[in-house]
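Residues: numbered from 1 along the sequence shown. Counting starts at 1 for both ligands and their atoms, in listed order. Just so you know, these numbers use all the heavy atoms, side chains as well, and skip hydrogens, waters and symmetry mates.
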Amino acid sequence: MSILPVPHTAVIVVAAGSGTRLDAGAPKAFVGIDGHSILRHALDGVFAAAPMQVVVVAPQGYEGDAQTELQAAAGDRVDLGRVVTGGTTRQESVAAGLAALWGDVTTVLVHDAARALTPPAVIDAVAAAVVGDAGVVPSLPVVDTLKRVADGLVTGAVDRAELAAAQTPQGFPRALLEAAYETAVAHGAEYTDDAALFAAAGHPVRLVPGSERSFKITTPADLERARLLVSPPAVPATPPSPTVVAGAPRVGIGTDVHAFGGEGNLWLAGLEWPGEPALSGHSDGDAVAHAVVDALLGAAGLGDIGEHFGTAHPEYAGAHADVFLSRTGELLAEAGFAVGNVSVQFQGNRPRFSGRRAEAEAALSAALGGAPVSVTATTTDGLGFPGRGEGIAVTAVALVIPRQDRGLSAPAE
Ligand code: CTP
Ligand code: MG
């Protein structure tokens, strides 16, 4: 058993109501918010405040349950707590609590268990504000526009600047509150809260700031609000998708076909081919370069060559592979991709490619900042338009890699 100095402050936690409006099948104080009851949460707040005597006022027949909650919340301060039986009205329940105060107590707080989430700081602030003969009420400004009404009609305006919403715990000099209670009992007067009863005895009541968390759990909607505050719904984690791997490399494919019939020398695979028939087309007709651009843009989800380099971009008319490819590399880099490698093949009878393969691969690779580019060529055994020498067909495949330093986890689309 721990030895604690006898405190001069006490809190009466009134928990003896039936909870008619909550209608949860048990006295309100014992209704669960999460794994813990309303009373347990209220007492957790009380015991997190500065040490004080704690009197729990329980519904008749629930004293044992209240004692269990008290012990759970009190920890090594259990000697500060006790349970008494409440009355049929809140005022009677408070009176029962007052009767249980220790002799050394000079300041008493009265607190609704139903204000289960009241911050301990508010409890301490109220206790500290009780000086002289004044009572203390934590309050919030009224935010709604208020109307005076009668029979379903608005009869007048109410200036909300003159109003405040009162909460608990309310604090009082013990002797004055006890005397005020005796007077109320003598007159059979019922008040809506302790501050009203105290003020009726002629004492001043001061305001201190309350808290949004001190709202009273009255209706099922209030209980839901408390539940959300106590255990906010977990933000659903993005379910791991078996089909999407963050940071996975991406492939793209590009094809291009150009007919022979252009002017000047052939440009293909980034090289000029003197004496070879030129391909026709916007720009230089380099179908190898164009297929590579489409494969890269496709892999990165950045659209296609027509979008970035088509006739709407006259600046690229007559441009060669190095211009297209280096600009494509920039577009990918801006979107957070590095080029893994590119493999491109053209089908056609001309030009004879093998003698300049290394030169072509080096030119294309250089235009892509050094990424490996391999070029292969094949004939079509005389079949189709490439076989008839009408033009060439090119297919390219590109691999691009999201750059981790960009934190890119989703594909750019
Ligand atoms: N209270 C009490 N004794 C009573 C009535 C109320 O101790 N006879 C307490 C409640 O337990 C509650 C606080 O006073 O902590 C505020 O009352 P209220 O919110 O009205 O609770 P209930 O009376 O239980 O609810 P209802 O009015 O819906 O029945
Ligand atoms: Mg009530």
Side-chain angles (χ1 to χ4, degrees), residues 10-33 36-47 49 53-70 73 81-101 108-120 122-123 126 137-140 165-172 177 181 184-185 188-198 210-227 229-230:
V11 58
I12 297 168
V13 180
V14 284
S18 55
T20 319
R21 288 167 287 179
L22 189 59
D23 195 20
K28 184 158 77 178
F30 300 96
V31 173
I33 296 180
H36 289 165
S37 66
I38 288 174
L39 177 59
R40 172 66 191 277
H41 277 281
L43 291 173
D44 282 346
V46 163
F47 281 100
Q53 187 193 1
V54 179
V55 179
V56 180
V57 187
Q60 187 159 25
Y62 286 85
E63 295 86 349
D65 303 88
Q67 183 67 35
T68 303
E69 300 291 54
L70 176 65
R82 66 171 293 192
V83 174
V84 300
T85 308
T88 51
T89 65
R90 183 182 181 283
Q91 199 167 304
E92 283 177 26
S93 294
V94 176
L98 285 171
L101 295 182
V108 62
L109 313 187
V110 183
H111 188 33
D112 291 337
R115 298 183 189 273
L117 305 184
T118 301
V122 172
I123 300 171
V126 170
V137 171
S139 76
L140 288 180
Q167 300 179 330
T168 74
Q170 298 178 354
F172 307 93
L177 185 67
Y181 258 87
V185 170
E190 278 285 330
Y191 296 91
T192 48
D193 68 355
D194 308 284
L197 179 150
F198 189 76
S211 166
E212 296 283 354
R213 287 182 68 93
S214 304
F215 69 96
K216 185 158 72 74
I217 299 172
T218 305
T219 64
D222 297 325
L223 184 61
E224 192 54 35
R225 181 180 169 196
R227 286 183 172 147
L229 284 169
V230 167

| said: Counting only heavy atoms and a distance below 4.0 Å, can you name the residues contacting ligand 1? | reply: V14, A15, A16, G17, S18, G19, T20, R21, K28, G87, T88, T89, R90, S93, D112, A113, A114, K216
| salt bridge (Lys or Arg N to Asp or Glu O under 4.0 Å) contacts in which one or both residues fall within residues 10-20, not counting sequence neighbours | none
| message | List the residues meeting side chain to side chain contact (heavy atoms under 4.5 Å, CB included) with A113, not counting sequence neighbours, and say none if there are none. | response | V13, A15, L39, A42
| field | With D65 via salt bridge (Lys or Arg N to Asp or Glu O under 4.0 Å) - residues at least two apart | value | none
| request: Flag the pair D193 and R90 as a salt bridge only when some basic side-chain nitrogen lies within less than 4.0 angstrom of an acidic carboxylate oxygen. | output: no
| request: Measure the acute angle between the ring planes of Y62 and F30, then classify it against the limits of 30° and 60° as parallel, tilted or perpendicular. | output: parallel
| query | Distance under 6.0 Å and angle within 45° of the ring axis: does R115 meet both against F215? | reply | no
